[in-house]
Amino acid sequence: MTRVLIVGGGIAGTGAALALDKAGCDVAVYEAHPDSAEDIGAFLTLASNGMRALAELDASAAVTSIGFPLTSMRVLDDTGAEVAQVPLGEAGTPHLRYRCVRRGDLNSALQTEVTRRGIGIRHSMRLVSVDDGPDGVTAHFADGTTATADLLIGADGLSSTVRRLTAPDVRPVYAGQFVFYGYTREAPDTATAGTITMVRGSSAAFGYAVSPEGEAHWFARVSDEPLTAADIEQGTPARLREMLLPRLRKDTTPAADLVAATTDDLMVTNATELPTGTPWRSGRTLLIGDAAHAASPATGQGASMALEDAVVLAKSLRDAPDTDAALTLYETLRRPRVEQNITVSGKYLPRHPHPVGARPPGLRPEPARR
Ligand SMILES: Cc1cc2nc3c(=O)[nH]c(=O)nc-3n(C[C@H](O)[C@H](O)[C@H](O)COP(=O)(O)OP(=O)(O)OC[C@H]3O[C@@H](n4cnc5c(N)ncnc54)[C@H](O)[C@@H]3O)c2cc1C
């Protein structure tokens with residue numbers, strides 16, 4: 001039985017744990033954070049391809065119990081006029097519908113499912129170094145302990161330690177936009193349950209969806225120079241509203257009112273991406289998820305791609321004659337698809353000083369399936 005050590009208990013790491021366990025591997029997950037609630041603030045949209053990957057892991061129920069479904073997308077121009085309304089993904093199949101979830105809730109639900117299946121997940125285990133030897137790969141953790149396996153999966157996200165150790169020259173780069181998130185109970189009357197509304201604003205790409213409980217989840221992507229660390233750390237809700245509102249008030253859309261009504265639940269982050277063509281493999285180590293192929297958020301595909309990685313990796317290990325052949329097969333299958341997502345998402349992120357309104361907002365249609 002192949003022993004697999006997964007570094008990172010986020011979406012890619014928990015997805016891989018469920019998939020590799022199902023494929024008959026001996027799996028253990030090591031997560032740096034003391035609990036599952038890191039980054040509880042931001043929300044994301046799982047697309048139908050991500051929901052399909054969850055179904056292949058028999059984990060649909062774990063995720064359909066959180067968040068809320070989205071079955072259509074409407075697009076408004078900068079006057080607030082509706083210019084399009086289209087169905088989203090596999091809207092007719094309940095467990096495959098797009099789903100809006102808080103990222104922390106998704107992590108928590110997937111970690112609970114991992115534990116429910118008897119797969120070991122250890123918290124407060126921060127990887128610091130890796131030794132790759134002829135008989136196995138050994139992970140060293142900050143608390144001085146070690147673990148050894150046949151394969152180490154680096155699922156430790158955008159700022160991956162595994163990637164820094166195996167491909168030290170690869171660095172995430174600023175993707176040309178910073179992104180605000182917020183939540184408010186002051187949802188506009190026009191909001192329709194199950195619909196995500198995208199606003200082609202003149203100075204920001206804005207989107208919002210309203211939960212069945214009446215809470216609007218909104219984001220705004222602004223094309224400009226990156227925010228400084230101080231901008232982000234000192235970004236009180238009032239300061240963030242001041243930064244964003246003048247850009248939204250130029251237009252007559254619901255965006256400015258939603259932001260003005262958002263009192264506390266407001267945050268901002270610089271969007272980053274990894275260059276294409278970076279190495280994923282080194283000996284007995286493989287990078288997956290954002291550690292391998294983080295994309296800017298315009299296509300809304302990062303979490304769905306991470307879940308697809310998990311399914312394809314498990315099938316590759318199940319079907320190939322040995323681990324080396326499996327990793328080659330995995331990379332052959334995954335690289336074109338995830339790199340297309342990086343490229344497409346980058347194209348939909350207009351770079352400063354081009355006006356955001358000149359390009360279509362995300363969500364983009366899902367990438368074509370293999
Ligand atoms: C602004 C923004 C908007 C987004 N919107 C969407 C969207 O709408 N739809 C979508 O699908 N995706 C979206 N994404 C992308 C999505 O959040 C990521 O693609 C996804 O979270 C990647 O999952 P991951 O498991 O690879 O990484 P992460 O979720 O970052 O998980 C990595 C895990 O590794 C752990 N870790 C880190 N270092 C170590 C270490 N040294 N040792 C042990 N553990 C470690 C971390 O604590 C974390 O739990 C968005 C991203 C951003 C930034």
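Residue indices begin at 1 and follow the sequence shown.
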List the atom pairs, donor and acceptor, that lie under 3.5 Å between side-chain atoms in residues 82-89 and the rest of the protein, sequence neighbours left out.
unit_1 : atom_1 : unit_2 : atom_2 : d
Gln85  : NE2    : Ser72  : OG     : 3.3

Side-chain donor-acceptor pairs of residues 255-263 under 3.5 Å, sequence neighbours excluded:
unit_1 : atom_1 : unit_2 : atom_2 : d
Thr262 : OG1    : Trp218 : NE1    : 2.9
Thr262 : OG1    : Leu258 : O      : 2.7

Hey, can you pull the donor-acceptor pairs under 3.5 Å for the side chains in residues 318-326, sequence neighbours left out?
unit_1 : atom_1 : unit_2 : atom_2 : d
Asp322 : OD1    : Asp324 : N      : 3.2
Asp322 : OD1    : Ala325 : N      : 2.7
Asp324 : OD1    : Arg281 : NH2    : 2.4

Name the atoms and distances for all side-chain donor-acceptor pairs under 3.5 Å in residues 4-25, with sequence neighbours left out.
unit_1 : atom_1 : unit_2 : atom_2 : d
Thr14  : OG1    : Gly10  : O      : 2.6
Thr14  : OG1    : Ile11  : O      : 3.3
Lys22  : NZ     : Glu56  : O      : 2.6
Lys22  : NZ     : Asp58  : OD2    : 3.3

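Without hydrogens or angle criteria, Ser282 side chain to Thr166 main chain gives no donor-acceptor distance under 3.5 Å.
For residues 236-248, the pairs satisfying salt bridge (Lys or Arg N to Asp or Glu O under 4.0 Å) are Asp224-Arg247, Arg239-Glu242, with sequence neighbours left out. Applying the ring-ring contact (aromatic ring centres under 6.0 Å, His included) test to every pair with at least one member in residues 251-275, sequence neighbours left out, gives no pairs at all.
Using modelled atom types, one finds a donor on one side chain and an acceptor on the other under 3.5 Å when comparing His293 with Asp309. Arg97 and Thr71 share no donor-acceptor pair across their side chains, judged by distance under 3.5 Å alone. Under the 3.5 Å distance criterion, with hydrogens and angles disregarded, a donor-acceptor pair is assigned to the side chains of Thr299 and Asn341. Using a 3.5 Å distance cut-off with no hydrogens or angles, the side chains of Ser345 and Ser296 do pair a donor with an acceptor. Side-chain N/O atoms of Thr228 and Asp231 include a donor and acceptor closer than 3.5 Å. With 3.5 Å as the limit, one finds a donor-acceptor pair spanning the side chains of Thr79 and Asp77. Side-chain contact annotation: Ser203 with Lys250, donor-acceptor N/O pair under 3.5 Å present. Gln301 and Asn49 share a side-chain donor-acceptor pair at under 3.5 Å.
Remark: Asp26 engages no residue in a salt bridge (Lys or Arg N to Asp or Glu O under 4.0 Å) (not counting sequence neighbours). Annotation: salt bridge (Lys or Arg N to Asp or Glu O under 4.0 Å) contacts of Glu215 (sequence neighbours excluded): Arg102. Every salt bridge (Lys or Arg N to Asp or Glu O under 4.0 Å) that Arg284 has, sequence neighbours left out, goes to Asp132. Thr138 pairs by the side chain to side chain contact (heavy atoms under 4.5 Å, CB included) definition with Asp131, His140, Thr146, Thr148, not counting sequence neighbours. For Arg3, the salt bridge (Lys or Arg N to Asp or Glu O under 4.0 Å) partners two or more places apart in sequence, or in a different chain, are Asp150. For the ring-ring contact (aromatic ring centres under 6.0 Å, His included) test, residues two or more places apart in sequence or in another chain that qualify with Phe178 are Phe180.
The CD atom of Gln340 lies 12.0 Å from the OG1 atom of Thr276; values are rounded to the nearest 0.5 Å. The line from CD1 of Ile66 to CG of Asp105 is 5.5 Å long, rounded to the nearest 0.5 Å. Going from atom CZ of Arg99 over to atom CG of Leu106 covers 10.5 Å, rounded to the nearest 0.5 Å. Note: Ser60 OG to His95 NE2 = 5.0 Å, rounded to the nearest 0.5 Å. Of the inter-residue distances, the one linking Asp251 atom CG with Ser202 atom OG reads 3.5 Å to the nearest 0.5 angstrom.
Aromatic pair Phe141/Tyr30: centroids less than 6.0 angstrom apart.
Contact check for Met198 versus Ile196: side-chain heavy atoms found under the 4.5 Å cut-off. Side-chain contact between Thr328 and Tyr330 is absent, with no heavy atoms from C-beta onward closer than 4.5 Å. Residues Leu327 and Ser316 fail the side-chain proximity criterion, which asks for heavy atoms closer than 4.5 Å. Side-chain contact check for Leu313 versus Leu317: some heavy-atom pair is nearer than 4.5 Å. When side chains are defined from C-beta on, Thr145 counts as touching Met125, because their heavy atoms get closer than 4.5 Å. Leu127 places a side-chain heavy atom less than 4.5 Å from the side chain of Leu165. For the pair Val101 and Leu44, the minimum side-chain heavy-atom distance is below 4.5 Å. For the pair Met51/Tyr98, no side-chain contact is recorded, criterion being any heavy-atom separation below 4.5 Å from C-beta on.
Heavy atoms of other residues, nucleotides or ligands lying less than 6.0 angstrom from CZ of Arg185 number more than 12.
Under a 4.0 Å N-O distance rule, the pair Glu308/Arg337 qualifies as a salt bridge.
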